Amino acid sequence: MAISCTPAINNLPLNRHPTPVSITVNNERYFADHPLLLQLDRCSDSTQLKQIHARMLRIGLFSDPYSASKLIQVAAYSEVSSIQYAQKVFDQIPRPNLYSWNALIRSYASSQEPVNALLIFIKMLHGSDELPNKFTFPFLIKASALLSALSVGKGLHGMVLKSEFGSDLFVLNSLIHFYGECGCFDMAYRVFMSMPKRDVVSWNSMIVGLAQGGYAEESLDLFFRMEGENVRPNDVTMIGVLSACAKNLDLELARSMHLYIRRNGIKESLVLNNAILDMYVKCGSMEDAKRLFDKMGVKDIISWTTMLVGYTKVGDFSAARSLFDTMPCQDIAAWNALISAYEQNGNPKEALATFNELQLRKEAKPDAVTLVCVLSACAQLGAIDLGGWIHVYINKHGINLNCHLTTALIDMYSKCGDLEKALEVFHSVDNRDVFVWSAMIAGFAMHGRGREAIGLFLKMQEAKVKPNSVTFTNLLSACSHSGLVDSGRGIFNQMESVFGVVPGVQHYACLVDILGRAGNLEEALDVIDNMPISAGASVWGALLGACRLHGNIDIGERACSNLLELEPQNDGAYVLLSNIYAKSGRWDKVSELRKLMRNSGIKKEPGCSLIEVDGNVHEFLVGDNTHPLSKNIYLKLDEIATRLTSVGYVPMKSQLLQLVEEEHVQEQALYLHSEKLAMAFGLISISPSQPIRIVKNLRICGDCHAAAKLISKLYNREIVLRDCYRFHHFKGGSCSCMDYW
DNA sequence: TATGGACATC
């Protein structure tokens, strides 16, 4: 648009009167009242901004430092802000003054790339005579907080102390916020206590920091102290306090805080109402949340999403879905809330269906969070085609591989059986946090590559990444699946003494598993007897599993009864004990157990196997004949049976849950197992060059394991089967687990 | 000439 089309500017008298209006202070001229600068303040789009800029250049106003600064300020953080434009304006100023530097630093400090604020500051120190003032520091400290750059912030703190701003309220408040963001609450508190004067923001920064850092109790304590010191809390204080209550899960306290807000006339902003909603949702009271939601005059997308999450949290998916459909608009966060709810509540198929819907409707663009949820759903289903497609999508759209996404990709490839791809992802990134390392260790663990898991753990230490509780669970499970008894024992013993991670129930369960599998049942029992915490179901379950492997009835019975005391409905316990009895031919005991299960209304979880063909996930249950190709599948099964028998295979009847008199019925029952159905389907529908990938919800049965080994040889096919414990790669007649599982 | 603290999805 040409300048002449903008009457507001053209009407200015500047064209003909190039002498700006100015005032003089300390021998410097200021143009604060210049009409063009007043125009600048009212400027509302970028075209206007450029026109004013052009005019300032033409009449020479731009060479006035005050006016140029004003232009940067508008360019950098008004409604028409563009950091690139602000930078260009700044670059044109021959000698920027401190105000200009600050304006640019401030603008970068709240941009996508806060590191630029620090870089500009360094430029200022080296390339100008200006020194930071009380405005510069808060911007720089804010940038450091966004970057969680602890050492940078500490350096700035040092500069502040040496400067004349060591007791400036704004500077110190920003330091409290910074240390809180970095998780250094002792430092935050030290600054807080050292302040000569504190205002409500000082208290808020401390309270909010503690609440977000997971110190809900401390945050609430501080709020009560604030009250005691007669500092009036405002709406921001309450938002912090409510988030502490939300983490506390104490509904009574939550209600009393809501009442406090009403009684003390705290400004009820939309954000505050949203925080109350969130608190009720997290404390599990949809009644309280809905009451407020219905009363709220103004709602935004966050209010709706919070309610949506609330319904999924209480398991009411139909309410969640209908709320989603009535939302005034669905942004990506709302879609993500729905997708992640399905994915995390054992409904990965629905998660993928919702993702499909999102793509068809094209109303919102998938972001990193969406992809993390979808990858996790793929991992659960073993859907490697879709998972791989997501990986391509990430690369194609230039989506930044943050640690969350990296972890999800590694987890997906590992759980879909392609460990090499997982490693490729792992090696392709520079940024690896504890979750990335732990996911890769878990990948090695589930594929039975224990030594490599330990090797990776050593590399992780070289990289100075501190292991956490999950890292050790994965590491110990790696030892367990590879039979690395001494390493497992050693790692367990070092957990607390060397790495400061106190062993939890999961770690004890892994240790018992390691010892038990290797046949050291007495030592495993000894570990349980000397545990400082009470042995959970997982610990007794591990012992029971080991007893099944080694056919130990005595310890097995003890483990089972302890397990059933903790989890009376645990069907797995009955099945394992029943396998132990069957193994030693105690069919009387087997049928006794069956009767007990029937009488207590406990049903064995049905075996279910998934197999992905051309991006579609097919599901098989025991004895399933619902598949469209069922007839062909059973024909294939017959053929397999004949070929297996011809090479001397004998079905393992100890894998049955009951004594069936007739031999052929026993054999048939074994052939109906879901993993065998899936294998038969894989053989007829997957090209011989591709591995057959199957995911089973329970542990693979011994008979299916033996059969799969033979099938891999007889049909010259690679079969990759994931059960609920680990992977089995069948190839050329043997399995990667070396029959140790 | 100006600054700070906040709610939903992994």
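Lettering of chains follows the sequences in order, A, B, ..., and the numbering in each one begins at 1. A quick note: this is a predicted structure, and the numbers were derived from the prediction, not measured.
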With A/R106 as the cation and A/F135 as the aromatic partner, state whether NZ or CZ is under 6.0 Å from the six-membered ring centre and within 45° of the axis.
-> no

Near-ring test A/Y342/A/F317, centroid separation under 6.0 angstrom | yes

Of the residues in residues 336-368 of chain A, which ones touch DNA chain B at a heavy-atom distance under 4.0 Å?
-> A/N336, A/S340, A/Q344

In whole Å, what is the span from the CG atom of A/N402 to the P atom of B/dT9?
-> 16 Å

Do A/F170 and A/F139 make the cut of ring centroids closer than 6.0 angstrom?
-> no

Name the nucleic acid region contacted by A/S174, choosing base, sugar-phosphate or nothing; use a 4.0 angstrom heavy-atom cut-off, strictly under.
-> nothing

Of A/T471, A/N474, A/T407, the residue whose pairing with A/S438 passes side chain to side chain donor-acceptor pair (under 3.5 Å) = A/T471

A/M327 has an atom CE; how far is it from atom P of B/dT9, in whole Å?
-> 12 Å

Decide yes or no, distance alone: a donor-acceptor N/O pair under 3.5 angstrom between the base of B/dT1 and the side-chain of A/Y66.
-> no

Within less than 4.0 Å of OP1 or OP2 of B/dA8, is there a side-chain N or O belonging to A/K282?
-> yes

Side chain to side chain contact (heavy atoms under 4.5 Å, CB included), paired with A/C373, selected from A/L352, A/L338, A/I339 = A/I339

Hey, are A/K295 and A/E268 close enough for a salt bridge, meaning a charged N less than 4.0 Å from a carboxylate O?
-> no

To the nearest angstrom, how far is A/D331 atom CG from B/dC7 atom P?
-> 16 Å

Where the side chain of A/D278 is defined as all heavy atoms beyond and including C-beta, which of B/dG5, B/dA8, B/dT1 is the nearest nucleotide?
-> B/dA8

A/E343 and A/P348, any side-chain heavy atoms less than 4.5 Å apart | no

Run the salt-bridge test on A/E357 and A/R361 with the 4.0 Å N-O cut-off and return the result as yes or no.
-> yes

Heavy-atom side-chain contact between A/L49 and A/L40 under 4.5 Å | yes

Is the Lys NZ or Arg CZ of A/K299 less than 6.0 Å from the centre of A/F293's six-membered ring, within 45° of the axis?
-> yes

side-chain contact (heavy atoms from CB on, under 4.5 Å) between A/Q212 and A/E181, intermediate numbers included | CA-CA 8 Å; A/Q212 290 185 339; A/E181 282 285 293; 4.0 Å; yes

Touch check for A/V271, heavy atoms < 4.0 angstrom, all strands: base, sugar-phosphate only, or nothing?
-> base

Consider the side chain of A/T306, meaning its heavy atoms from C-beta on, and name the nucleotide among B/dA8, B/dC7, B/dA6 that approaches it most closely.
-> B/dA8

A/V369 side chain, from C-beta outward: closest of B/dG4, B/dA2, B/dT9 | B/dT9

Identify whether any heavy atom of A/H404 sits under 4.0 Å from a base atom; if not, whether one sits that close to sugar-phosphate; answer base, sugar-phosphate or nothing.
-> base

Distance test, side-chain N/O of A/Q212 to OP1/OP2 of B/dC7, below 4.0 Å | yes

For A/M279 and B/dA8, give me the distance from atom CE to atom P, rounded to whole Å.
-> 12 Å

Residues in residues 284-301 of chain A with a heavy atom under 4.0 Å of DNA chain B, by number, are none

Whole angstrom value for the distance that separates C1' of B/dT1 from CG of A/L40 | 12 Å

Shortest side-chain distance from A/S69, nucleotide among B/dT1, B/dG5, B/dA6 = B/dT1

Return the residues of residues 130-141 of chain A meeting this criterion: a heavy atom under 4.0 Å from some atom of DNA chain B. Order them by number, or give none.
-> A/N133, A/K134, A/F135, A/P138, A/F139

Between C1' of B/dA8 and NZ of A/K247, the distance in whole Å = 13 Å

Is there a donor and acceptor pair, one atom on the side chain of A/N204 and one on the base of B/dG4, closer than 3.5 Å?
-> no

Length of the line joining A/L222:CG and B/dG5:P, which is rounded to integer Å | 18 Å

Nearest to the side chain of A/R106, which nucleotide is it out of B/dA2, B/dT9, B/dG5?
-> B/dA2

Do the side chain of A/N102 and the base of B/dA2 come within less than 3.5 angstrom through a donor-acceptor pair of N or O atoms?
-> yes

Base, sugar-phosphate, or nothing: which does A/D411 touch, judged by heavy atoms less than 4.0 Å apart?
-> nothing

NA contact type, A/N234, heavy-atom cut-off 4.0 Å: base, sugar-phosphate, or nothing?
-> base

Could you state the atom-to-atom distance from CG of A/L277 to C1' of B/dA8 in whole Å?
-> 10 Å

Would you call A/R225 and A/D221 a salt bridge, using N to O less than 4.0 angstrom?
-> no

When you check the gap from the basic side-chain N to the acidic O, do A/D186 and A/R190 get nearer than 4.0 Å?
-> no

